[in-house]
Every structure is written in C-alpha cells, then in structure tokens.
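Below: the structure, in structure tokens.
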There are 2 protein chains.
Amino acid sequence: FKELWRDSCNFSTKALEMGRKDPRKAVYALKMGFALALVSLLIFWKMPIEDASQYSIWAILTVIVMFEFSIGATFIKGFNRGLGTFAAGILAFLFAGLSILAGPWDKIVIVISFFITGYCASYLRLYPTMAPYDYGFRVFVLTFCILMVAGNRNGGYVLAILTRLVLIALGACMCFVINICVYPIWSGDDLHHLVVNNFNELATSLEGCVNGYLRCVNYERTNSRFMTQASSDQMYLGYKTVIESASKEQTLLGFAIWEPPHGRYRKLRYPWRTYVKASNTVRHCAYTVMALHGCIMSEIQAPPEKRKVFLEELQQVSAEGARVLRELGCKIDSMEKLGGFKNILDQVHVAAEHLQKKIDHKSFLLVKSESWEVGSPRKDLEELDDDPPQQHLGLKCFSETSIYAHKPLTQLPDEDFSPKQNNLRRLVPWPSSFLLVESDGLLVREDEAKTYESASSLSLATFASLLIEFVARLQFVVDCFEELSEEAGFIDPDVVVLKE
Amino acid sequence: FKELWRDSCNFSTKALEMGRKDPRKAVYALKMGFALALVSLLIFWKMPIEDASQYSIWAILTVIVMFEFSIGATFIKGFNRGLGTFAAGILAFLFAGLSILAGPWDKIVIVISFFITGYCASYLRLYPTMAPYDYGFRVFVLTFCILMVAGNRNGGYVLAILTRLVLIALGACMCFVINICVYPIWSGDDLHHLVVNNFNELATSLEGCVNGYLRCVNYERTNSRFMTQASSDQMYLGYKTVIESASKEQTLLGFAIWEPPHGRYRKLRYPWRTYVKASNTVRHCAYTVMALHGCIMSEIQAPPEKRKVFLEELQQVSAEGARVLRELGCKIDSMEKLGGFKNILDQVHVAAEHLQKKIDHKSFLLVKSESWEVGSPRKDLEELDDDPPQQHLGLKCFSETSIYAHKPLTQLPDEDFSPKQNNLRRLVPWPSSFLLVESDGLLVREDEAKTYESASSLSLATFASLLIEFVARLQFVVDCFEELSEEAGFIDPDVVVLKE
C-alpha cells in the first residue's frame, strides 16, 4: 500500500509538471470541463416536447466526442461527426419508411437494416483511403442504431430524428465557440515550431556526430546497443527526432490546413504544405547524419590518429553546416527572408572544398597502396621524406600489421566479468567469425588482418564523403526555404531597414 | 454527373478488389453485421422493467465500439471499455449520493461533477504514458454523463446504473464470442507475416540498389525527387517498407500480446517481443541499404567505368547478402531452426572479403594520387605497364581533367524545354554555385573540377564500405534469429530428419 501511495504521489507530481511545462494542456482541460458543464445545463431545461430533457444527452455526447486539443482537430472531428450523422439520419428515414410500409414485418426490416448498415460501414472503413474517416463511419453506425431504436420505441421517427439532429448541431456549435473564443490552440503554431525545432535539432546532432567521431566515441558492442544504448545520446536523439517527426508533421498538417487564418499566419491559403516540404528536405539531410552516426557505431572503425589528420577540416565543415541550419531555422522562426544572406552556403562550400582537398592530399592514408597491381608508391614514400611528421604518421599506419582493436574509451566496470572470447566476438563481430574457425594456431591470418585494416581506413573516407554529401544536400534546404519564404510572404529584412 | 457515376463505379470496383485480395476484411464486415443484427434483437425483448427495451442501445453501442478487426484489438478495447465504464459507474454512484444529500442544490452538484470529471479526464488523457488509454478516458466521461443524466431523469440512480452495466457486459460478451468463435483474425499472424515480409523486402531492395548502382541509374535532379520520383521505385519501396513498418509492428505487438495461444503459436507467453526485435535488427540493416540508395541519388557520382571494375564483387556480396536474408525469412516463416545452416554467414563473409581485397588492389582508382604530399605513384604507373587493360582504365581516369557530367540514361522528353543553365544547376547543384559566381570566362576552374572528380571516385569507396558494413550488421540479424528460434521453440530440421 505504501508503494501504491508513493506511486500515485509520483504520478501526480509528474502530471502537475506536465501542466507547468505546457500550460496549454491545463487550459484545454479547463475548456473541456467548462463546455461540459455548460452543455449539462440542458438537462434541467424543461423543453416543450415531452421526454425532451433526456435528448440533451446528444449534445453532451457531441461535446465529449468533438472537443479536441487543437482547433484544426476539432474542425475535422466536427466534419466527420456532421457527415456521419447526416448520412445516418437520411438512412434512418429511409429504413423507418420501409419498416412502416412492411406493417407486421417491421421487426425483420429493422434487423436486416442493422445487418446491412453494419456490414457496409465496417467493410468501407477498412478501405485504405478511408482511414481519416474511420471516426465518421463509427458515428454513422452509432447514430443510425440510436435513431432506429428511439424511433421504434416511440413510433414517431420524424420527431425523434429531428430533435436529435438539432441537439447534435447545438453541441457542435458550443464546441466551436468555446474552442475558438477561449484561448485558442492552433495546430499551425505547433507545426511552425516543430519545423523550426527540426532545423536546430539536426544542427546539434551534426556537430555531436562529427565531434563524437573525432573523439573516437565507442559504443559497447552488444546486440541491442543500436536500440538501447544509443538512445540516451544527444546526437542520436537529434536526428531521430527529425526523422520521426514525419508522422507528427503529417498529423499537424492535416489539422493546420483546416484552420482559418490566424495570428502570424494571415494569408488565406497559408502554405503549410511547403512547411512540411522544408522539413522533408531537412529530413533528407538527417539521413546523411544518420549514416554519419552509423560510422561511429560501425563494426569497422578508422584508427584515431588518422582521424586526427582531418580534424580541423571536419570540424570546420560541421560547424559551418550547423550554422547554416541554425540560421535558416532562426529565419523561419522570425519569418524573415534570407535578404543579405543570399549566399548563405558559400562558407560551408568553401569548408567542404578544403576537406576534399585535404582528402586528396592525404589519400594515401586511406588506402593500402602496397598491394596496388600497378606498383606501390611505398618506396618513393620512404625515399622522398620531404614532410617528416606526416611521413611518420603515414609509415606508422602502413606498418600496422596487426588488427586495429579499438578499446572503449570509457572503461566499463563489468568488463572483467565477461568472458574474454565473448568480449572479443562482440568487439569485432565480423572478423571474429574467421577467428573462431581458425585452427592452425595463428589467431588472425595476416591477410585478413590487412584487409580489415584497409577497410578501417576506408571508413574514414566514407565518413568524409557522407559529410560532403550532407553539404551538397543543404542546397535543397536553401532552395525550399526560398520557396517557402516567397509563398508565405516572409518579411525582407533589408526592406525593413530601408523603411526605418 | 457522368463523372460522379464513373468515380463511384471505380470506387466500388476497387472496394471489391480489396475484398478479393484479403477476404478477411469481408469476413470481418460480415461478422460485424451479424453481431449488430443479433444484438438488435434486444430491442424487441419486453423486459420485466418498464422502459427497459430502450436500454438495449447500450449493448448495441458496446458492440459498435468494441468490435475490432483482430482479436487482440477487441480485447484491448474491451479492457478500456470495461475499466472506463466501471470507474464511471463508481463515480456516478458517488456523485448521485452527493446530489441526493444536497437536496434542493442537487442541480449545482451535478453541474460541478460534470466540470470536475471533464477537467480531470481531459487533463490526464494528455499525459504521455496514457496514450493507449485515450479511448478509455472518453468512455469514462461518456458513461459518467449518460448515467448522471439517466439517473437524474428517473430519480432512480441505482436501477439506472445497474441495468446499463449489465447491458454493457452483455454486449461485450457477444463481441468476444462472435469475434473468437467465427473465423478468428489474429494480430499475431499479421505480425509474423510482417516480419517475414521485412526480410524479403530488404533482400529485394539490396539487390535492386546494387544493380541500380552498377547500371548507373540516374534520377532526374529536381528539388523534390527524393520525395516523389523515387517513390515508384522497387528498391526504394523495399527498404522504405522495412523502415516504416516500425510503427505498424508496435501496434500489432500491442494487440498480439493480448491474444491467447492459438494456431502455430502454442506457447503460453509467446515471444512476440523477440519477433519485433528481429525486425529491428533487419531495420538496422535497412538503414545501410538506405545509405546505399543515397549513393545512387547522391549529388556526387562515381564514373560508370570505375563502377564496372568492381561489378563482379559487388554483385556477389549483394547476392549472398540477399540470400542470407531470404533464407532467414523462410526459416521464420516455416518456424525452423537454422540447423545445418549454422554457418549461414560464411559465404557472404567470403564475398565481402573478396570485395575488400579488390578495393585494396584497385584503390588507385579511388584516390587522386598525383596530389599526394609524399610523392605521386603516377610515374611508376606509366613505367610499369604490367597490366595493360587495367592500366588503360586507370590512366583514362587520371586523364579526366574535365568534370564528369553524368547524363540521365533515360532521355527525358521535356529536356529540351528547360533552360540550359537551370538544367546544369539541377544536375550538379553543388559545384554549380561556383559556376554561377565565376566571371573570368572559364566555366569551371580546373582546381575545383579535380576536387569534384576526386570526390566522385571516393563515392565509390563509400558505396563499397557501406556494403561491407551491411554484411557486418547481418551478424546481429543472425544472432537475433537464433534467440528467437530458441525462445519460440522452433523445430530443428535435423532432428525431424532423424525421427523419420
């Protein structure tokens, strides 16, 4: 019991916390309570029609079912409810007429009508394009059944059906009035912030990935690490948020396009779709960041000293790329055009070019030229010796004949408990399968070790290529931003300065 | 009107098609219609209590709301409905008692109770972990309101509440009986097939990507191509299905764990979670395939003649990788252990090793060694000349001083209409930004062209690295398959053979 008490205390603290963080949620709940209390007054209103106060439940039901968090969602629910109710009303009239015509067989007509309605509605509900109207179908069947039951009981179908339709309309009106007039919550606002947030999240994630790669962050190599361990990671959370926001964006877009012009979005047909398109271009970049993160979590890792060679250039590109994303996010948030920043991509392109040149100059670090079919440059390398420190590094890499076993930088406390063999297997899963079948005493055949070493160096090239691809994709983001800024009529910052 | 008629004809054809493709949908609709007709018989049953036939609407409502496609979903809905109704019943009793105590102030008590209930339920509904019980909260508020209204009207709270609860239970029972006894539809089956399908889809997608890359498939370079054009593509659809199935899997998992043992899944606590885990490892591989596809859609493309050099090895790896995936999918489908295929990964590892060795031997194709700081192997290359055809290819690549402009293989009919400059910009977005600022007559500075050329060759290395990473990740899939086959008690094919 004590535990239960503590749990419920814990829960209520968290629930209060939620309200403090997003007061709109508390406001929504207050509005809902208010609307419900208001509509419940209908119960006590003695209407001219006998038994009428009982019909008030229809208005209450409509409020419960239609009162959604945002205004767009309320509109959609209202549309569903309206259409479903209207169709049900017409059908109920038809079958009521039939059952009266059938005379003594009216009960059979009613049962058959139930079967047909239930069958058709359930079948069509499963049709893929009907998914958004799922709710409408349920309302339709429900309303039809209630109308038929009520009509059958009273014998007065027309009155029963009309009274209910009027009360449903009353409830719907109350929903709209209270939801729009009292502290409105717009899905458009949410969508706007979500898109801006995506820009910033991706920028953070990009910087995190590149820095993580340069710091040679290692994940413990377990089977489930890509699901559990990485999940607490900032760089992982960043691009994951961007990639997973797709469905949320679609939902918000569905609500936002139903909303009338409001607040800062004063255009009549506001280009919400272009917002989502901009977010899609950001997501397109996010896939590259995911691939970059994949390099960090990869089975095959480049040695740290080689990563250090490209440190400055990689950091420059990531810093510039993140800057562009943040700049654009900020511009969307303040609804400004690019203005003087027309060539916003210039700096990041220069940085990417530097990285590319560096790769060209140092590409001997990335490949194993000793096995070239057309002759090895190794000898030249030793003879020339015009750049001693670089040379040293290069030679060091070439002379590595043993497999490069990367150790986790953070020593794990339970490392001693795991059996050695298993640990090795987890560390280097792929080459280990060769290790296990090995029987001639040698732990690793030199041949395979070299192959692995070479692969590990090429993974650095992969990382750099992906980063350059990221920069190339930024072009789409900028293009889409310009399209959005035109369509949504963003302010031109230069013009504002001139006016002052 | 003619158009409307044709549209509706079209729609009904498609709707019939849906039923033919998946007869379960038609069966579900039939079951729903049958349940509804059965429960509607209650209307005509003259119960001992006055006005009782009207209460039958409660049973009907329960059927409409609870009758879901799969048995798991029906159980969850039933649980939600039961809990919500029960809580609402208790609360209604409490407030009914209060309002009777309040005497003349009973109306005020009722209105306040509506407000409090509406407020609390709406607020808690927004709590993140409460999302699956959203429906339960709605049922709770709805039931509470209806009970209060009915009780207030009749003055007899106890009878009103109890009758309704009994009818709700009756409707729920009917749902369970019909849904389980008549042609049951299990979510577990769906989940099983979804997971098997993921294995096959990814295999197809992998082969498609590698073959597409080798055939140098080009996408028209427009801003939106990564959203629209690729969507009709088989290789794109394959990994997209795998990646996007995550949420569907979670939904089905949520249903499947509620289902009792049935059919082939006879274990009491069947490891549905491990199914999803296996699918997660496949998804982990799918991200690599997505990155491979990213190479095809990339701004920076490797020249076709260089791709040809690695043709055989790349195809071998993709064929072996796809074979492993299909084999595992087939094993899960037939619920067999790996058995004799213990070393299922051997062949694909060998293929990947061959690819890696080839890269080592031919890595001069991937880098621009002429700009190496430690001296160029170019001279050796010309002097040695021990491998004429390869040599020729290598020299050809080195001698490319102009930018490698890749033309779409499929000539587009509207190509002539687009302005040249714009077309170029779309073709090579990134270096084009340098083109546009160029003013000294030269179209492309040689320096930049070389950088681009080098990047384009490295992109081939990226492709190969990603493919090798894919192979490395296959280990997780196999590990997880073994875990699943143990937990779910798959049949050992070898043991079966021995028994015969």
Side-chain angles (χ1 to χ4, degrees), chain A residues 15 25 29 32-33 36-37 40 43-44 54 57 60 64 107 111 114-115 118-119 122-123 126-127 141-142 145-146 149 153 223 226-227 280 284 291 298-299 356 360-361 363-364 367-368 371-375 377 380-381 384 387 429-430 451 454-455 458-459 461-462 465 469 472 475-476 479, chain B residues 15 25 29 32-33 36-37 40 43-44 54 57 60 64 107 111 114-115 118-119 122-123 126-127 141-142 145-146 149 153 223 226-227 280 284 291 298-299 356 360-361 363-364 367-368 371-375 377 380-381 384 387 429-430 451 454-455 458-459 461-462 465 469 472 475-476 479:
Chain A
K25 288 185 178 175
M32 174 76 176
L36 210 57
S40 76
I43 314 173
F44 313 115
Q54 194 228 340
I57 193 68
I60 296 176
I64 292 173
K107 284 172 193 181
V111 171
F114 270 55
F115 177 77
Y119 177 74
S122 308
Y123 188 70
L126 295 174
Y127 193 74
V141 177
L142 188 59
C145 290
I146 297 183
V149 171
R153 195 169 55 95
N223 197 352
F226 50 90
M227 286 172 279
N280 276 339
H284 192 52
S298 166
E299 303 310 316
Q356 185 60 58
D360 290 346
H361 291 174
S363 52
F364 59 88
V367 294
K368 208 176 51 171
S371 59
W372 280 8
E373 287 173 358
V374 289
D380 305 328
L381 213 141
L384 277 166
D387 193 354
W430 174 36
T451 303
S454 158
L458 261 183
S459 93
T462 306
S465 298
E469 172 68 21
Q475 182 70 52
F476 294 126
D479 286 352
Chain B
K25 287 185 179 176
M32 174 76 176
L36 211 56
S40 75
I43 314 173
F44 313 115
Q54 193 228 342
I57 193 66
I60 296 176
I64 292 174
K107 283 169 193 181
V111 172
F114 271 53
F115 177 78
Y119 176 75
S122 307
Y123 188 71
L126 296 174
Y127 193 73
V141 177
L142 188 60
C145 289
I146 297 181
V149 171
R153 194 169 56 93
N223 197 354
F226 50 89
M227 285 171 278
N280 277 339
H284 192 52
S298 167
E299 302 311 315
Q356 186 60 58
D360 290 346
H361 291 172
S363 52
F364 58 89
V367 293
K368 208 176 54 171
S371 60
W372 279 8
E373 286 174 359
V374 288
D380 305 328
L381 212 142
L384 277 166
D387 195 355
W430 174 37
T451 303
S454 160
L458 260 183
S459 93
T462 305
S465 297
E469 173 68 22
Q475 182 72 52
F476 294 126
D479 285 353

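Numbers restart at 1 for each chain; the letters A, B, ... are given by sequence-line order, proteins then strands.
- The two residues B/A15 and A/Y123 make their nearest non-hydrogen contact at O-OH, 2.6 Å.
- Ranking A/A29, A/G118, A/C145 against chain B, the residue ahead of the rest is A/A29, based on heavy-atom pairs under 4.5 Å.
- A pairwise comparison of heavy atoms in B/F114 and A/L36 identifies O-CD2, 3.7 Å as the closest pair.
- With a 4.5 Å cut-off on non-hydrogen atoms, B/I64 touches chain A through its backbone and its side chain both.
- With sequence neighbours excluded, the residues satisfying side-chain contact (heavy atoms from CB on, under 4.5 Å) with B/L126 are A/M18, A/K25, A/Y28, A/F69.
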